[in-house]
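I have placed the structure first, in the form of structure tokens, so that the comments after it can refer back to it.
Just follow the structure's listing: the first ligand is 1, and inside any ligand the first atom is 1. This chain uses plain numbering: 1 for the first residue, then up along the sequence.
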Amino acid sequence: MQELRFDGRVVVVTGAGAGLGRTYALLFASRGANVVVNDLGSSRHGDGSSRNSADTVVQEIRENGGKAVANYDSVLDGAKIINTAIDAFGRIDVVVNNAGILRDVSFAKMTDAQWDIIHNVHVKGAMKTTQAAWPYFLKQKYGRVIFTSSNSGLYGNFGQSNYSSAKMGLVGLANTLAIEGARKNIYTNVIVPTAGSRLTEDIIPPDFFEQLKPELIAPVVFWLCHEICTENGSIIEAALGWAGKCHIIRSSGCTLRQNFSEDVTPENVQENWSKVTDMTSAKRLNSIQEATGELLNVLENIKSGD
Ligand code: NAD
């Protein structure tokens, strides 16, 4: 199989000074990409800033013969990050939104500040960075976007209501950008990684942590960003050298009234609840049009009962 290359392409990786982002930046650069290594250099809780982490990764890439420049802005200043790509390399092809922090606290104790900083860094930061690249993508009819979600968002996790809601917010953002970009060859996907990093070092048992190498996830992100990859609007989970696709599925449900003259009562809902929630013939709906189409079928069924 021919080696997949990124020669001439320009890739921004946010939060690339450490953990997952660092391995993405190194892989893209090793395959010919010009890489903007963005990192604010903050703590895992988002405090402080430092140029060290971005500089170290840029140096590592250059020592390996690759091309990279550092950017130290917060993802909230996404336009500055994209400007760094344009100033240094003249174009932008790929945005990997990876920067992230944690402020874990139970919901009862959550302050506005703890909520806002998580939503700002993860959702608004990813939005600002991607939106700054979007006009270039539209013009050149090519672009690839990655958002980074989490199993905490897909399934929930105690103490992470701020983080899990932000991570699911990114799934919603990806769903819509996948639709808005599709005709212009701009594909957006979501990665759900599990990796040993400073975010997980005190959560994952050491033996497992050791095996969860970020390097095993980077090739999946790399493939999703390649121009010959046509995946769009997907949620891809990856860890340990395994990857799989996630879907939201819906039960076939139950019509709670047989004709227009019948009311739906709470007791009627109670009586039919096992049918409403029966997942045996659950399926994925592929679009909002398909969901609306299913509702029109329900309407026809009720009409025919009159
Ligand atoms: P990490 O802490 O090693 O790396 C995150 C990097 O983002 C850090 O270098 C940090 O300085 C940078 N950063 C933080 N805020 C920033 C900002 N405002 N602007 C620019 N850079 C900023 O963490 P990681 O585990 O590599 O996480 C990477 C991403 O993957 C995050 O979005 C995280 O939520 C997500 N994630 C990680 C795991 C996991 O198992 N490690 C699981 C699910 C999701």
Side-chain angles (χ1 to χ4, degrees), residues 12-26 36-58 70-82 84 95-104 116-130 132 146-157 160 162-171 173-174 190-205 208-218 220-221 235-240 242 246:
V12 162
V13 182
T14 70
L20 287 156
R22 173 182 162 273
T23 66
Y24 303 161
L26 289 171
V36 175
V37 176
N38 158 264
D39 206 294
L40 181 61
S42 60
S43 75
R44 70 189 290 221
H45 297 126
D47 302 313
S49 62
S50 156
R51 296 186 162 210
N52 281 351
S53 49
D55 284 344
T56 305
V57 175
V58 168
N71 169 282
Y72 318 105
D73 291 302
S74 168
V75 282
L76 284 162
D77 287 319
K80 291 186 184 167
I81 303 172
I82 300 305
T84 299
V95 176
V96 180
N97 293 288
N98 164 79
I101 55 168
L102 292 174
R103 287 279 172 110
D104 292 1
D116 289 344
I117 192 171
I118 290 298
H119 278 256
N120 277 339
V121 171
H122 290 273
V123 186
K124 191 157 188 196
M127 182 282 266
K128 294 298 283 182
T129 308
T130 306
I146 296 289
F147 292 121
T148 306
S149 188
S150 164
N151 278 331
S152 168
L154 298 185
Y155 308 109
N157 199 18
Q160 293 197 316
N162 50 359
Y163 181 76
S164 58
S165 55
K167 288 306 200 187
M168 271 316 260
L170 289 167
V171 172
L173 179 58
V190 175
I191 188 83
V192 180
T194 302
S197 77
R198 69 176 184 171
L199 289 190
T200 50
E201 63 194 351
D202 53 355
I203 306 168
I204 298 176
F208 192 32
F209 183 92
E210 195 50 37
Q211 294 302 321
L212 290 165
K213 295 192 190 325
E215 289 82 357
L216 296 168
I217 295 167
V220 180
V221 168
I235 304 169
I236 304 294
E237 188 184 340
L240 294 164
W242 168 90
C246 305

### Query
Of the non-hydrogen atoms in Asp39 and Ala54, which two are nearest, and what is the gap between them?
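Distance-wise, the nearest heavy atoms are CB-CB, 4.0 Å.
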### Message
To check you understand the geometry: which heavy-atom pair defines the closest contact between Phe209 and Thr200, and what is its length?
### Response
CE1-OG1, 3.7 Å
### Query
Without hydrogens or angle criteria, can the side chains of Ser152 and Asn157 be said to hold a donor-acceptor pair below 3.5 Å?
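Distance-only check fails for Ser152 and Asn157.
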#### Entry: Side-chain H-bond candidate by donor/acceptor type, Thr148 with Asn97, under 3.5 Å
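Absent: no donor and acceptor within the cut-off.
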### Message
Determine whether a donor-acceptor pair (N or O, by modelled atom type, separation under 3.5 Å) exists between the side chain of Arg22 and the backbone of Ala16.
### Response
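No; judged by distance alone, with no hydrogens or angles, the pair does not exist.
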Starting from the N and O atoms of ligand 1, collect every protein N/O partner closer than 3.5 Å and put each pair on its own line with the distance to 0.1 Å.
from, atom 1, to, atom 2, distance (Å)
ligand 1, 2 (O), Arg198, NE, 2.8
ligand 1, 9 (O), Asp39, OD1, 3.2
ligand 1, 9 (O), Asp39, OD2, 2.6
ligand 1, 11 (O), Asp39, OD1, 2.5
ligand 1, 11 (O), Ser42, N, 3.3
ligand 1, 18 (N), Ser74, OG, 3.1
ligand 1, 19 (N), Val75, N, 3.0
ligand 1, 21 (N), Leu40, N, 3.3
ligand 1, 25 (O), Ser197, OG, 2.4
ligand 1, 26 (O), Leu20, N, 2.8
ligand 1, 32 (O), Asn98, O, 2.8
ligand 1, 32 (O), Lys167, NZ, 3.0
ligand 1, 34 (O), Tyr163, OH, 2.5
ligand 1, 34 (O), Lys167, NZ, 3.2
ligand 1, 40 (O), Ala195, N, 2.8
ligand 1, 40 (O), Ala195, O, 3.1
ligand 1, 41 (N), Ala195, O, 3.1
ligand 1, 41 (N), Ser197, OG, 3.4

### Asp104/Arg44 ion pair, N-O < 4.0 Å
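No, this pair does not count.
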